[in-house]
Amino acid sequence: MQEEIEKYDVDLEAYLNWLVDSYPPAALRSKIATAVVDYSKALTTEQRSFPQNLLNAGEIFFRLSNSKIASGRVMELLENMCEQHVLYFLFSSQGINIDRYTEAARKYIKKFPKACNTLPDKYKELVEVLKNDSIR
Amino acid sequence: MIPLDKYDLTILHILKNEKLIIKAIKAAKKDLELFSPRQRPHLDLIWRQLLKAVIEAKKEGKGFNWNKELFVANILEEMKTLDIADENKARIEHICVCYTSDKEYDLEQGDKLLLSVINEAIQKKISKAIYNSEEFDKIKSIVAQSVEIHDELQKGETQKILFVNPLKNVRRYLRKVPKLPTGVKHFDKVTNGGMSEEEIALIAGITGGGKSVSAIEIVGSQLLLGNNVAWFTYEQPFDQDLMQRMVAFITGYSLDNIRGTEYDALPEDVKATFESLSQEIDDNLTAADFSSGEMLDKDDPEDDTSCYSIRKRLEILKERGKIPTYIIVDWLGAAVKRIASIRGVDIGVITNYIALANEFITDLLQIAKDFKTRAIFFHQLDPVIKKSPPSRKPTTVELQMIKSATNWIHYGIAIGKRDSNHRCWYICDKCRNAYPSECVVELDGEHSRFKLLEGYVPGRNGQFINVDAILDEMNENREEVESSYQNVL
């Protein structure tokens, strides 16, 4: 497994976090040494799609808030349409902290710590905040 | 460096995008009579040079390609002759640097997110950035000339259709085509952000598996986001059941409370929510009900072609300027039956069924290309999936009778069998340019939608379980056990 980890240049802890969320307990033992390549593909996909998802969330929030939908329902619809970890980054990057999204963001960063690598520094700082909070 | 404001970014975005140039020229022509004076002569200068560049490039047969450095040099040259404030001169230079260097825009907050909001501004009348000066007549005639050239260019392209030279058009083919999210979280997750123009997707599920729920989700979400959507149903009519579910989805009110209740008897707040939203979204929805099996036009000989009814409606929408962003077709099997009954084909013979189905899919793909839109259609999975445990991952290759369907589609999604808690797999096993992805969803029948579940995997008894929740529960129990030991000791 160590060879695979080095070959695909993945973080061991992040890989294990992703593994636990992706396979049933009974299958984990057999998958642990062989799913590294799947994780690295999943990581690449996340790195590519996370900025797109962030833009989408911004667009969706913009559209919903400019419509006739009541503000309470806007947030409900936003949460139906966008993933919580994306919403965390969307709002926290503007200085708005919404606690209920933090846990989802923390779990996401544990699995995909490099997802924000292509984004501006503001987002990378949020990743550091989440990592530090999870260490405490 | 002076940060660029949204008007500067608008013109920069237009310069970098051929399609937007065409849109901008057309928009300007309509708005020439309407825009009000604005103190932005620096944008007026760039706008004039842009139009001149379009005309010159056409004369040299270059379409929308010109020498960027020369274009910028002309702008800077003219700038010297005009009385423009130093601050605006700095803006012009900054725009020119961003245009020629392909660097990231130097936004006020260094935030890409702002750009998505700026895109909205581009949709609005960009000619408001033009300064209504004494050179108005000159601008007007340049714009008019540009529009004629644009129309000529468009006609020119359609006449030369015998051969294509893809290497010559590499720039157009390699442009970044943005994805449009559906607003349905799990669909956007497994497709990595939604679909691009000219793409089609298949969603397959077992009977009663959630295909109509998916259709309602996508249609409802697109409407709530203010997009045009076209919905074609071939089996389930727009009757009480479908409309009840749509009201539940849009208002968030429980379906159990809507069923069996007349519209007038619904709570006032629910009716008010629905009515205020439906005023806004009614124009954006085009729906056609082919479930009764009647032909569009009994005397029309073309009506036996597979997607004729869909294409004809889209042509009408195109004339009205309301091309839908998404076309929803529910579902393929019922559409095939309709076409077979019009043509008198026996679809009991499996080869006939497969041929008609493949014809329908290729026609739908052509419609998506012709109208620059996205299409999602539904179909059934093999009955064997229904007998399998919920933990069995379905694939779109297991389509009832037409495994070849996945040849033409860009995204193939399969909805698995639900467990007793209404949780199931949602798998995109064919995903263009991306690693296939999957997730677990839970049917929320009350609101006619699926909910995305994070961290769920199939457990031993076929139920989907949340491993974190089990670990947390174990930890809580351990704490209780430890504290009770403490008390004993």
Side-chain angles (χ1 to χ4, degrees), chain A residues 17 19-28 38 40-46 48-64 66-70 72-74 76-86 89-90 93-94 103-104 107-108 111 118-123, chain B residues 104 107 109-117 119-120 178-186 188-189 191-194 217 221 224-227 250-252 269 273 276-277 279-281 391 431 433-438 447 449 451-452 454-460 464-468 470-471:
Chain A
N17 278 313
L19 208 60
V20 165
D21 269 357
S22 305
Y23 293 99
L28 277 177
D38 291 336
S40 106
K41 285 180 187 171
L43 178 59
T44 309
T45 301
E46 282 300 324
R48 254 190 256 151
S49 61
F50 186 65
Q52 176 73 50
N53 292 339
L54 203 52
L55 279 176
N56 287 350
E59 178 74 20
I60 288 171
F61 178 61
F62 184 77
R63 297 265 189 121
L64 291 176
N66 283 341
S67 71
K68 288 183 184 173
I69 304 171
R73 181 100 175 104
V74 162
E76 194 188 327
L77 285 170
L78 187 65
E79 287 171 18
N80 288 347
M81 294 182 179
C82 305
E83 293 184 84
Q84 291 205 335
H85 65 268
V86 175
F89 282 93
L90 176 72
S93 65
Q94 307 301 315
E103 191 51 38
K107 281 188 180 166
Y108 179 76
K111 288 190 289 187
T118 56
L119 291 178
D121 289 339
K122 182 185 288 199
Y123 297 96
Chain B
E104 292 296 327
L107 301 180
Q109 294 171 11
D111 193 340
K112 276 187 191 175
L113 185 61
L114 189 59
L115 192 56
S116 71
V117 176
N119 283 337
E120 190 71 24
K179 286 194 165 208
L180 190 76
T182 54
V184 176
K185 209 190 304 188
H186 40 282
D188 293 339
K189 181 182 171 77
T191 56
N192 300 307
E217 269 190 311
S221 299
L224 287 168
L225 292 174
N227 290 333
I250 286 179
T251 60
D269 58 332
T273 306
S276 77
L277 289 176
Q279 273 167 26
E280 200 167 89
I281 64 182
S391 54
C431 188
N433 297 328
Y435 182 59
S437 160
E438 60 197 35
H447 302 104
R449 54 181 284 260
K451 283 194 289 195
L452 174 67
E454 294 284 4
Y456 274 76
V457 291
R460 271 200 196 138
F464 285 89
I465 56 170
N466 184 327
V467 178
D468 278 347
I470 291 174
L471 289 173

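Below, all heavy atoms of this structure are taken into account, side chains as well, without hydrogens, waters or symmetry copies.
- In this structure, chain A has a heavy atom under 4.5 Å from the side chain of B:L452, while its backbone stays farther away.
- Comparing B:G252, B:G226, B:G194 by heavy-atom pairs within less than 4.5 Å of chain A, the highest count is held by B:G252.
- Applying side-chain contact (heavy atoms from CB on, under 4.5 Å) to B:H186 and the options B:D188, B:V184, B:T182 leaves one that passes, B:V184.
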For A:H85 and A:F50: C-alpha separation, side-chain torsions, deciding distance, then whether side chain to side chain contact (heavy atoms under 4.5 Å, CB included) applies.
CA-CA 10 Å; A:H85 65 268; A:F50 186 65; 3.7 Å; yes
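- A donor-acceptor contact closer than 3.5 angstrom links the side chains of B:R449 and A:N80.
- Of all the listed residues (A:K111, A:E76, A:E46, A:K107), the one sharing the greatest number of non-hydrogen pairs under 4.5 Å with chain B is A:K107.
- In this structure a side-chain-to-backbone donor-acceptor pair under 3.5 Å is missing from B:K179 to B:G193.
- Only the backbone of A:S22 comes within contact range of chain B, with heavy atoms under 4.5 Å apart.
- Neither the backbone nor the side chain of B:T273 comes within contact range of chain A; no heavy atom of the residue lies under 4.5 Å from a heavy atom of that chain.
- With hydrogens and angles disregarded, no donor-acceptor distance shorter than 3.5 Å links the side chain of B:N466 to the backbone of B:Y456.
- Using a 4.5 Å cut-off between heavy atoms, A:L78 makes no contact with chain B at all.
- A:E83 has no carboxylate O lying under 4.0 Å from a charged side-chain N of B:K185, or vice versa, which leaves the two without a salt bridge.
- Of the two parts of B:L277, only the side chain, counted from C-beta on, holds a non-hydrogen atom closer than 4.5 Å to a non-hydrogen atom of chain A.
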